[in-house]
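Presented below is the structure to which this report refers.
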Amino acid sequence: MEKRLLLGDEAIAQGAIDAGLSGVYAYPGTPSTEITEYIQAYCRKTGAGIHNRWCTNEKTAMETALGMSFAGKRALVCMKHVGMNVAADPFVNSSITGVNGGLVVLVADDPSMHSSQDEQDTRHYGKFAMIPILEPSTQQECYDMMAYAYSMSEALKLPVLMRTVTRLAHSRSVVVLRAKREENPLEPVNGSRDWVLLPAIARRRYAGLLTKQAEIAKLALESPFNSFKAEAKRYEMGAIACGNAYNYLSECYPDGIPFPVLKLSQYPIPQETVRTMAEQCESIMVIEDGQPFVEEQIAGILTSECRIIGRLTGELPRQGELNPDIVKVALGLQAMPHSDVAENVVARPPALCQGCGHRSVYEAINIVLKDYKNAKVFGDIGCYTLGALPPYQALDSTVDMGASITMAKGASDAGVFPAIAIIGDSTFTHSGMTGLLDAVNENAPITIIISDNLTTGMTGGQDSAGTNKYEAICRGIGVDPEHLKVVVPLPQNMEEITRILREEIEYHGLSVVIPRRECIQTLARKAKAKAQKQ
Amino acid sequence: MKTDIILAGVGGQGILSIATVIGQAALEEGLFIKQAEVHGMSQRGGDVQSNLRISDQPIASDLISLGQADIIIAMEPMEALRYKEYLSTDGWVITSSNPFVNIPNYPDSNKILDELRGMPHLVLIDTDRIGAENKMTKSVNMILLGAASRALKSISFEKLCDSVATIFGSKGESVVEMNVKALKIGLNCK
């Protein structure tokens, strides 16, 4: 059997390919991006016809995948945790329509916010939609679970949610591969109204989902990915370790864990197992990355005196990613001897690249806004969020994809002047266009800067959905062509850029300024690829 | 036998390439591997690290515990110090001596070197000078890996060279040759 050294993300991608995948649908987002990139590289190399083009946002990705499932084929949707907020409407309703071809929704959480604005735990969404949730603990499980998830999805006629975390998504290990399964034939849903979610039909479908819950629970109880080891005797403590938290627990006991452990990688929580454990143990420590999802629910399952400890009781920190040292402390174990933290070390925050076009944009904003002491600048999600840090310190807010335009409008409605939005090209097509229409409809006196670097930069230079279409999109939405300006963000153009910004701020209606210059990272990559070809 | 390695540097210095080369070589040696990387925002000129664990036995955690690292391999001296408390009391630090100053409050580099000299075992390599002398400024990360290879007891030097050929193969013969040469120069550094 073939062995490969794969990132968790790559193992998921290879697992989906080998499970007979027909399409991957995603918007780039750390730490999920490499799944789609791996499938794209696989298709370039082998000529396989798996759909793999990037989507405009997570909602379009989720809906398109559901359409592929409707047609009978296996589809994969990938996103980062906050992407699920965007995809939530079709995601939750996909548990009501159910699926035809297998559908796996892969969400990569980012505890400790390495590259994110919150650390929400996607398992809540799975519970909310009442579907099975898988949480791999190893790269091999990432791979193995994909075939399992597609079979389960097609057997239950429901989507399956798989949740990973940064540490697994971005960590490599050796993975053993299986033989590849063929893709499903085209067999669309036929002659059924089940997918037409009119209230009368939706009520019937929801009743069906409720009926399936017992079967979903039984699957988790018997899951090959969950395990429970205990001898028939009393213990001072036991542990429930979810997904990759199981690795940290194992790391603390190289000679074997000396108390009962439920390794939890498939949900809903197997209640019978937890009850059995509680009867044997005086306390149960719940070790889970993300939010206390299991810890909160366990209290409702147990009737015994067993004490539950974890993130809620303070033995484990309420916030942030777990690691072996944190788990060690919680278990009352000693760390290895080690030195203190170094003295001569300071933080080295990320920064915009030297030569990046966003730099000229922020420089221009700061020059112009010296004359407007009450100005507020509403930022967005991308490399250019780094404009909040020194040397620019130019942003007053960054919330979610698209919020720059809408927040600028809201602040302007309240009387803020000037209200300026800065948003990247990919973020604009992801979630900025609808907000622009709101602003256009009221001719809101705000200045919107679409800093266009012709790519999705922060995640590594993926295609941007609107490239070469921004002026047309803005005009189509109704931006006055007189107040739609394009500039080239280079230091030598500073005078022109600042003049245009000043004019558009002074225009008391809606303006859009598009500074456009290719990301120097993608430009360098293209030049390199070209040189290699020659 | 288990080897726990922390790789450290600044985004763009080639830390992840070092990790990939060691990982591929370990795969060829039939060893168990876990290698956690940093992707995304921090790659933009921020500090970047990778935890690389190699063993002939299965490995549980993707992350290395305090006091457990056998080796710190760093492309930058302050970045080597950043993981000081993770180094075992008998561990090795193999680092470039060349500061990468892209922040206004970078500490006094003599103090950094003094603190590094206080660590159990230190190999300081002037990678900038060696890279320039040998006209291989783009392969300084492989010079460092070559220097660190003596501490990677479970992986033979030949396997590292094979791994470079596998990883850089798609970039052409001359790129492979340059990087293998860099490994050899590093191996002979003191």
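Below, chain A is the first sequence line, B the second, and so on; all start at residue 1.
- B/S170 touches chain A through its backbone: at least one of N, CA, C or O sits under 4.5 Å from a heavy atom, while the side chain does not.
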Might you work through the side chain to side chain contact (heavy atoms under 4.5 Å, CB included) test for A/V345 and B/Y83, ending with a clear yes or no?
-> CA-CA 10 Å; A/V345 173; B/Y83 306 99; over 6 Å; no
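- More than 12 heavy atoms of other residues, nucleotides or ligands lie within 6.0 Å of NZ in B/K2, so this atom counts as buried by the packing criterion.
- With hydrogens and angles ignored, the 3.5 Å screen pairs no side-chain donor or acceptor of B/R82 with any backbone N or O of A/V341.
- Remark: the A/Q139 side chain and the B/D62 side chain contain an N/O donor-acceptor pair separated by less than 3.5 Å.
- In this structure, the side chain of B/Q68 does not engage the main chain of A/M336 through any donor-acceptor pair within 3.5 Å.
- Residue A/Q354: no heavy atom, backbone or side chain, is found under 4.5 Å from chain B.
- With a 4.5 Å cut-off on non-hydrogen atoms, B/N51 does not touch chain A at all.
- To the nearest 0.5 angstrom, B/S61 atom OG is 9.0 Å from A/R167 atom CZ.
- Contacts between A/L389 and chain B at a heavy-atom distance below 4.5 Å are absent for every atom of the residue.
- Under a cut-off of 6.0 angstrom, the local environment of CD in A/Q334 is sparse, with at most 12 non-hydrogen atoms contributed by other residues, nucleotides or ligands.
- Ranked by heavy-atom pairs shorter than 4.5 Å toward chain B, the options A/S137, A/S250, A/A347 are led by A/A347.
- Enclosure of atom CD in A/Q117 by more than 12 non-hydrogen atoms of other residues, nucleotides or ligands within 6.0 angstrom is indicated.
- Looking only at heavy-atom pairs under 4.5 Å with chain A, the residue among B/I33, B/L66, B/I103, B/L116 that has the most is B/L66.
- To the nearest 0.5 angstrom, B/S65 atom OG is 4.0 Å from A/K328 atom NZ.
- Both the backbone and the side chain of A/P337 come within less than 4.5 Å of a heavy atom of chain B.
- If you measure heavy-atom distances from A/L7 to chain B, the contacts under 4.5 Å come from the side chain alone.
- Salt-bridge formation is not detected for the pair A/E251/B/K34: no Lys NZ or Arg NE/NH1/NH2 atom is positioned less than 4.0 Å from an Asp or Glu carboxylate oxygen.
- Taking CD of B/Q35 as the start and OG of A/S171 as the end, the distance is 7.0 Å to the nearest 0.5 Å.
- Here the closest heavy-atom approach between residue B/M78 and residue A/N344 is recorded as CG-O, 3.7 Å.
- Salt-bridge check for A/R348 with B/E79: passed, with a basic side-chain N closer than 4.0 Å to an acidic carboxylate O.
- The residue among A/L352, A/V174, A/N323 with the most heavy atom pairs within less than 4.5 Å of chain B is A/V174.
- For B/E28, no part lies under 4.5 angstrom from a heavy atom of chain A.
- The CG atom of A/L5 sits 5.5 Å away from the CG atom of B/L27 when rounded to the nearest 0.5 Å.
- Rounding to the nearest 0.5 angstrom, the gap separating the CZ atom in A/R172 from the CD atom in B/Q24 is 10.0 Å.
- Using a 4.5 Å cut-off between heavy atoms, B/L31 touches chain A through its backbone atoms (N, CA, C, O) alone.
- Of the two parts of B/E37, the backbone and the side chain both hold a non-hydrogen atom closer than 4.5 Å to a non-hydrogen atom of chain A.
- Both the backbone and the side chain of B/L81 come within less than 4.5 Å of a heavy atom of chain A.
- Among the candidates B/K84, B/E115, B/M119, B/Q57, the residue making the largest number of heavy-atom pairs closer than 4.5 Å to chain A is B/E115.
- Proximity to chain A is limited to the backbone of B/I64, based on heavy atoms less than 4.5 angstrom apart.
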